[in-house]
A.B. asks: 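Structure below; questions to follow.
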Amino acid sequence: MSISLIILAAGKGTRMNSDLPKVLHPIGGAPMLHHAMQSGAALSPDNIVIVAGHGADQVRKSALEYDETAQIVLQQDQLGTGHAVYQARDTLKDVDGKIIVLYGDTPFIRQETLEKMVAAESDLVVLGFEAADPARYGRLIHDGDRLDRIVEFKDASDEERAVNLCNSGVMSGDARLMLDLVKALGNDNAAGEYYLTDLPALAKARGFTTSIVICDEAETIGIDSRVALAKAETMFQTSARTELLENGVTLQAPDSVFLSLDTHIGRDTLIEPNVIFGPGVTVESGATIRAFSHLEGCHVARGSVVGPYARLRPGAELAENTRIGNFVEIKNAQINEGAKVNHLSYIGDAHVGEASNIGAGTITCNYDGVMKHHTDIGAGVFVGSNTMLVAPVSVGDGAMTASGSVITSDVEPNALAIARAPQVEKSGMAKKLMEMLRAKKARRSRGN
Ligand code: UD1
């Protein structure tokens with residue numbers, strides 16, 4: 001069956017007190033809009049329509065980054081949720097099957113919940129939840145799982161407000177029916193808005209069937225303030241950590257490990273305390289990420305050990321069984337199988353060949369102040385401690401650099417490159433120098 005998603009993302013989010021459109025605020029390193037897109041993507045939709053308004057250009061860019069097939073429609077004025085859905089009418093004018101309406105600021109709707117909604121037999125399905133504190137939510141006026149109508153809090157009588165079953169906002173149904181009904185909506189209500197919530201009553205009046213699917217309240221949390229955003233982050237982290245643990249990853253101190261929406265970690269990997277996974281990280285099985293490491297946009301293959309205190313930046317590609325030690329930064333660099341960069345180094349815009357050893361304090365000098373340049377280190381190379389590799393430069397297979405060298409030209413395979421001032425030794429000079437200095441100090445303390 002064809003599925004079309006409509007994700008509402010036009011609201012301003014005034015309470016966020018921000019220049020960034022609300023739906024672009026991140027949770028787990030990804031805009032909350034991407035969370036909603038990911039929930040819906042699990043149903044393999046044929047169409048994804050994002051209704052944008054405030055900050056539409058930024059919202060468009062972000063939506064397309066997640067899915068380049070997404071279609072963005074503009075809602076110039078925010079006249080209500082029904083009006084927002086109506087903006088998708090031209091884009092979806094030829095579609096059949098079902099429409100699901102999601103919200104860019106409601107990031108935690110589960111795939112299973114959406115599957116239940118799609119599987120429901122009625123013409124229109126609303127996602128409801130039992131609210132611990134129903135507050136200002138719309139109420140579902142129902143008879144068992146048959147939905148009669150939705151009443152917005154503002155328009156509800158005391159009796160209706162006493163109903164505990166609330167509207168999450170998520171709705172699905174027959175595509176043609178929903179698009180017909182949103183066209184017929186009026187705005188004669190307390191807010192003067194075109195309410196999407198009027199659809200069930202309209203559908204019923206025309207003889208269509210309407211029903212409710214119920215989910216956990218935690219799925220329906222909508223973000224409209226920084227306080228809610230912070231709570232959502234905590235919820236995301238808790239569930240992402242639990243998922244990793246269930247998938248066979250060891251987290252020694254789960255509460256101190258921070259994950260992103262797209263973090264992938266293979267089983268039997270060990271994560272020590274205080275590790276941060278920014279966006280775009282994949283760690284294969286059987287790796288170890290030691291304490292206080294920071295990873296983003298990188299790939300760590302099986303059996304590698306990273307940290308403690310390592311920083312892997314975008315484009316860091318570690319092959320199997322590599323060792324990246326303390327105070328090492330790797331950026332846009334491939335580290336081949338079995339290579340070691342164990343201490344205090346910066347390896348950027350580089351390639352390190354198989355089983356090479358990079359000594360402590362090695363720097364690839366990749367930036368000349370204007371452009372970035374590449375360093376190519378072959379296989380089985382021994383780079384001596386405190387070597388500066390001034391890029392562009394290459395070190396051939398099996399070569400060595402003497403510690404303290406500043407390497408400015410290519411080193412041929414199996415050669416030893418020494419690029420430092422030769423040592424000069426002056427016999428007895430240290431002793432003489434010390435005596436001179438002590439005598440000088442004594443004269444000063446006598447005042448002459
Ligand atoms: C809506 C529901 C309410 C439900 C609640 C759950 C309606 C009329 N009410 O109320 O029953 O309990 O969600 O959170 O649907 N938006 C647009 N364009 C618009 C208006 C809204 O894109 O013209 C977007 C907003 O950015 C927001 C979402 O739709 O993300 C919800 O809109 P909002 O007006 O905040 O509805 P609620 O008052 O939360």
Side-chain angles (χ1 to χ4, degrees), residues 5-16 18 20-25 31-33 35-37 39 49-56 58-60 63 72-88 100-109 124 126-142 147 149-156 160-161 163-172 178 181-182 185-202 212 214-215 217-225 228-229 232:
L5 295 182
I6 301 178
I7 303 182
L8 306 194
K12 186 163 183 216
T14 312
R15 290 179 59 210
M16 295 301 283
S18 172
L20 190 68
K22 172 166 75 166
V23 297
L24 301 189
H25 280 267
M32 56 176 114
L33 175 64
H35 290 251
M37 291 176 81
S39 304
V49 183
I50 312 287
V51 182
H54 286 279
Q58 286 164 280
V59 171
R60 170 182 289 110
I72 289 74
V73 298
L74 195 63
Q75 187 192 24
Q76 203 76 46
D77 299 308
Q78 280 69 59
L79 303 180
T81 46
H83 179 259
V85 170
Y86 186 55
Q87 308 312 305
I100 300 180
V101 179
L102 297 174
Y103 297 81
D105 64 357
T106 306
F108 297 141
I109 305 288
L124 197 64
V126 167
L127 183 63
F129 62 99
E130 296 281 352
D133 169 17
R136 307 186 69 79
Y137 290 116
R139 304 298 205 270
L140 302 186
I141 311 302
H142 63 107
L147 177 63
R149 64 205 154 85
I150 306 177
V151 201
E152 284 307 292
F153 178 82
K154 280 183 188 162
D155 303 299
E160 287 164 337
R161 286 180 183 182
V163 173
N164 228 14
L165 194 58
C166 292
N167 176 30
S168 70
V170 178
M171 197 180 281
S172 77
M178 284 181 78
L181 293 180
V182 281
L185 286 173
N187 66 348
D188 183 15
N189 52 52
E193 286 184 3
Y194 296 89
Y195 289 161
L196 184 64
T197 46
D198 284 346
L199 252 54
L202 278 179
I212 304 171
I214 294 183
C215 72
E217 183 172 7
E219 288 182 53
T220 70
I221 172 178
I223 284 94
D224 62 355
S225 68
L229 183 68

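For the numbers below, each heavy atom of this structure counts, side chains included, while hydrogens, waters and symmetry mates do not. Note that ligands are numbered from 1 as they come in the structure, with each ligand's atoms numbered from 1 the same way.
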A.B. asks: Under a 4.5 Å cut-off applied to non-hydrogen side-chain atoms, are Glu219 and Ser168 in contact?
C.D. replies: no
A.B. asks: Under the side chain to side chain donor-acceptor pair (under 3.5 Å) rule, collect the residues that match up with His142, sequence neighbours excluded.
C.D. replies: none
A.B. asks: Tyr86 and side chain to side chain contact (heavy atoms under 4.5 Å, CB included): which partner among Leu196, Val51, Val182, Leu79?
C.D. replies: Val182
A.B. asks: Regarding Arg161 and the six-membered ring of Phe153, is the cationic atom NZ or CZ under 6.0 Å from the ring centre and inside 45° of its axis?
C.D. replies: yes
A.B. asks: Can you list, by chain and residue number, every protein residue with a non-hydrogen atom closer than 4.0 Å to ligand 1?
C.D. replies: Leu8, Ala9, Ala10, Gly11, Gln75, Gln78, Leu79, Gly80, Thr81, Ala84, Tyr103, Asp105, Tyr137, Gly138, Glu152, Asn167, Ser168, Tyr195, Thr197
A.B. asks: At what distance, to the nearest 0.5 angstrom, does CG of Asp133 lie from CG of Asn164?
C.D. replies: 9.0 Å
A.B. asks: For His54, run the side-chain hydrogen bond (donor to acceptor under 3.5 Å, both in side chains) check against Lys22, Gln78, Lys12 and tell me which one passes.
C.D. replies: Gln78
